[in-house]
Amino acid sequence: PEATRARLEAAAKILSNHEAIVADATREEPQSQKDLKRAAGPSEVDELLQETVARLLGEPADELTNTKPEASVIKSTAAGVIARRLCVPRDMGAAAATQLRAQLLTLEETYA
């Protein structure tokens, strides 16, 4: 189905652009969308991206979840900034972006 293809496309984009996504989500001096607060911890952003890919692929991600309060705040911030920085069609197709945003916004709320 189309939703499955879209989730696979979103997961593939995260994997192929992983370093750039982490760098953008944690950039201290952003070049654009300066009003979006960036995340403070690259390792927490990495964990968030791993969890996001797992969820997009339909895999349980419980073992990846770090429940420390400091990590939760960082992951929530990162999920929000990545979801809001996502651009169609620059980053991926509309269906894939919809799937990715849904996962990220859910994680943003979960970790808030």
Side-chain angles (χ1 to χ4, degrees):
E2 185 178 332
T4 300
R5 281 191 298 274
R7 286 192 298 275
L8 290 174
E9 178 187 346
K13 286 292 186 174
I14 290 174
L15 293 172
S16 67
N17 293 301
H18 181 269
E19 288 181 27
I21 296 169
V22 172
D24 185 66
T26 60
R27 185 166 285 129
E28 290 182 26
E29 295 184 29
Q31 301 297 314
S32 63
Q33 293 181 308
K34 296 177 182 187
D35 58 313
L36 291 179
K37 180 182 176 190
R38 299 312 202 264
S43 62
E44 289 84 355
V45 176
D46 176 63
E47 289 176 10
L48 172 77
L49 292 176
Q50 290 178 47
E51 183 173 357
T52 303
V53 168
R55 289 171 179 253
L56 286 165
L57 298 176
E59 297 175 11
D62 295 340
E63 68 279 359
L64 298 174
T65 304
N66 185 340
T67 56
K68 293 179 182 175
E70 310 82 40
S72 292
V73 169
I74 293 168
K75 288 180 180 183
S76 178
T77 300
V81 75
I82 295 165
R84 288 163 183 84
R85 298 267 303 142
L86 186 59
C87 180
V88 174
R90 178 194 71 194
D91 299 323
M92 64 188 65
T98 298
Q99 294 290 328
L100 179 53
R101 272 197 192 103
Q103 290 298 328
L104 289 168
L105 294 175
T106 297
L107 288 167
E108 178 185 30
E109 187 173 314
T110 298
Y111 285 116

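Numbers for residues simply follow the sequence, beginning at 1.
- Screening residues 90-102 for salt bridge (charged side-chain N to carboxylate O under 4.0 Å, His left out), with sequence neighbours left out, gives no hits.
- Annotation: Glu109, atom CD; neighbour count of heavy atoms from other residues, nucleotides and ligands within 6.0 Å does not exceed 12.
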Item to check | Residue pair Met92, Leu86: steps toward the side chain to side chain contact (heavy atoms under 4.5 Å, CB included) verdict | outcome: CA-CA 8 Å; Met92 64 188 65; Leu86 186 59; 3.8 Å; yes
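- Distance check, rounded to the nearest 0.5 Å: CD of Glu19 to CG of Asp46 gives 10.0 Å.
- Across all their heavy atoms, Glu108 and Gly80 have their closest contact at OE2-CA, 3.4 Å.
- Judged purely by atom type and a 3.5 angstrom limit, Thr52 uses its side chain to pair as donor or acceptor with the backbone of Leu48.
- Atoms CG and CZ, on Leu57 and Arg55 in that order, are 12.5 Å from each other to the nearest 0.5 Å.
- Of the N and O atoms on the side chains of Arg7 and Thr4, at least one donor lies less than 3.5 Å from an acceptor on the other residue.
- Here the shortest heavy-atom pairing between Arg38 and Ser32 reads NH2-O, 3.2 Å.
- Note that the CD atom of Gln103 and the CD1 atom of Ile14 stand 9.0 Å from one another [nearest 0.5 Å].
- In terms of heavy atoms, Pro30 sits closest to Glu28 at CD-O, 3.4 Å.
- Ile21 contributes atom CD1, which lies 10.0 Å from atom NZ of Lys13 (distance to the nearest 0.5 angstrom).
- Every salt bridge (charged side-chain N to carboxylate O under 4.0 Å, His left out) that Asp24 has, sequence neighbours left out, goes to Arg27, Arg85.
- Considering all non-hydrogen atoms of both residues, Val45 and Ala78 come closest at CG2-CB, 3.7 Å.
- Between the OG atom of Ser72 and the CG atom of Leu107 there is a distance of 11.0 Å, given to the nearest 0.5 Å.
- The cluster map of Ile, Leu, Val, Met, Phe, Trp and Tyr, joined by side-chain heavy atoms under 4.5 Å apart, puts Leu100 and Val88 in different clusters.
- Note: the hydrophobic cluster containing Tyr111 also contains Ile82 (ILVMFWY, side chain heavy atoms under 4.5 Å, direct or indirect links).
- Note on Val73 and Leu36: separate hydrophobic clusters, where clusters join Ile, Leu, Val, Met, Phe, Trp and Tyr whose side-chain heavy atoms are under 4.5 Å apart, directly or indirectly.
- Ile74 and Val81 are not part of a single hydrophobic cluster, where members link through side-chain heavy atoms under 4.5 Å apart.
- Distance CD/Glu51 to CD/Glu47: 9.0 Å, rounded to 0.5 Å.
- Taking each heavy atom of Ala10 and Leu56 in turn, the nearest pair found is CB-CD1, 3.9 Å.
- In terms of heavy atoms, Ala6 sits closest to Gln99 at CB-CG, 3.8 Å.
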